[in-house]
Amino acid sequence: MEFESEKIISKFNKGTIVLVHGAYHGPWCWEDNFKPFFVKRGYSVIVVNFSNPNPKVKINDYMEHLNEVVGEISGKVYFISHSLGTAIVEKYITKFSPKLDAVETVSSFV
């Protein structure tokens, strides 16, 4: 399954924040506040786009994509997730046991 992720690399290299949106949302929900806030403070930001209308997409597809995204990051890794994005991140952590420096959830239902 093909998903897209937008990467903004900071020259200050404080770490990378991966933003994972929830159900009925898209990467646009991070655009105005979260993404510029962290970039200005020296963090690289990856905004994952899981707004895929394909009904055959399963949670394992999302987890595999997160694993690919994190596998390309060197240095500290932080997750910020919202709603269904939190469930995806939690299942990803359980399955792959990545080394993460922090996970923050926003309006999670878990």
Side-chain angles (χ1 to χ4, degrees):
M1 197 59 50
E2 288 294 318
F3 298 103
E4 295 180 6
S5 297
E6 176 190 6
K7 298 177 186 180
I8 295 120
I9 307 300
S10 171
K11 62 183 176 183
F12 299 108
N13 198 19
K14 286 186 170 181
T16 301
I17 298 174
V18 180
L19 301 173
V20 184
H21 64 80
Y24 307 106
H25 275 72
W28 51 265
C29 71
W30 306 110
E31 287 295 315
D32 293 338
N33 297 304
F34 285 83
K35 187 171 74 170
F37 177 87
F38 290 112
V39 170
K40 285 180 186 174
R41 284 155 180 81
Y43 293 91
S44 296
V45 175
I46 297 176
V47 182
V48 177
N49 183 358
F50 284 152
S51 55
N52 187 329
N54 184 342
K56 294 183 180 183
V57 174
K58 304 290 185 222
I59 196 160
N60 282 338
D61 299 320
Y62 298 125
M63 294 182 332
E64 291 289 338
H65 181 67
L66 285 180
N67 198 44
E68 291 172 15
V69 167
V70 171
E72 295 177 3
I73 298 171
S74 60
K76 294 182 177 184
V77 180
Y78 308 95
F79 270 101
I80 299 177
S81 59
H82 171 254
S83 180
L84 180 62
T86 298
I88 294 167
V89 168
E90 286 184 347
K91 291 203 174 284
Y92 160 72
I93 292 168
T94 301
K95 181 175 181 177
F96 293 101
S97 301
K99 182 191 175 306
L100 302 175
D101 292 279
V103 175
E104 179 65 41
T105 64
V106 180
S107 299
S108 59
F109 58 86
V110 220

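Just so you know, these numbers come straight off a predicted model, no measurement behind them.
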Discussion item. Show, in sequence, the C-alpha distance, side-chain angles and deciding distance for Tyr43 and Tyr78, and conclude whether the side chain to side chain contact (heavy atoms under 4.5 Å, CB included) test is met.
Written reply: CA-CA 10 Å; Tyr43 293 91; Tyr78 308 95; 4.0 Å; yes
Practice prompt. Verify side chain to side chain contact (heavy atoms under 4.5 Å, CB included) between Ser5 and His65, making sure each step is shown before the conclusion.
Written response: CA-CA 9 Å; Ser5 297; His65 181 67; 2.8 Å; yes
Practice prompt. Please lay out, stage by stage, how Val20 and Phe50 fare under the test side chain to side chain contact (heavy atoms under 4.5 Å, CB included).
Written response: CA-CA 8 Å; Val20 184; Phe50 284 152; 3.9 Å; yes
Practice prompt. Report the C-alpha distance between Phe3 and Val57 in whole Å, list the side-chain angles of each, state the deciding distance to 0.1 Å, and finish with yes or no for side chain to side chain contact (heavy atoms under 4.5 Å, CB included).
Written response: CA-CA 10 Å; Phe3 298 103; Val57 174; 3.8 Å; yes
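Asp101 places a side-chain N or O within 3.5 Å of a backbone atom of Val77 that can act as its donor or acceptor partner. Remark: side-chain polar atoms of Lys14 are paired, donor with acceptor, to backbone N or O of Arg41 under 3.5 angstrom. Although no hydrogens or angles enter the test, the distance criterion places a donor-acceptor pair under 3.5 Å between the side chain of His21 and the main chain of His25. In this structure, the side chain of Ser10 engages the main chain of Gly42 through a donor-acceptor pair within 3.5 Å.
A single hydrophobic cluster is seen to contain both Ile59 and Val70, as judged by linkage of ILVMFWY side chains at heavy-atom distances under 4.5 Å, directly or through other members. Residues Val69 and Phe96 share a hydrophobic cluster, clusters being chains of Ile/Leu/Val/Met/Phe/Trp/Tyr side chains in contact below 4.5 Å. Phe12 and Ile73 are not part of a single hydrophobic cluster, where members link through side-chain heavy atoms under 4.5 Å apart. Cluster membership check: Ile8 shares its hydrophobic cluster with Phe37, using side-chain heavy-atom separations under 4.5 Å among Ile, Leu, Val, Met, Phe, Trp and Tyr.
Contact record, Met63 with Ile88: CG-O, 4.0 Å, taken as the closest heavy-atom pair. Smallest separation of non-hydrogen atoms from Lys7 and Ile46: CG-CG1, 3.8 Å. Scanning all heavy atoms of the two residues, the minimum distance from Val48 to Pro27 falls at O-CB, 4.2 Å.
Just one of Leu84, Leu66, Ile80 meets the side-chain contact (heavy atoms from CB on, under 4.5 Å) condition when paired with Val89; it is Leu66.
Rounded to the nearest 0.5 angstrom, Asn67 CG and Glu72 CD are separated by 10.5 Å. Glu104 contributes atom CD, which lies 9.0 Å from atom OG1 of Thr86 (distance to the nearest 0.5 angstrom). Atom CZ of Phe79 sits about 10.0 Å away from atom CG of Leu19, to the nearest 0.5 Å.
Between Lys95 and Asn60 there is a side-chain heavy-atom pair separated by less than 4.5 Å.
Under a 4.0 Å N-O distance rule, the pair Lys58/Glu64 does not qualify as a salt bridge.
Tyr92 and Tyr62 have their aromatic ring centers separated by at least 6.0 angstrom.
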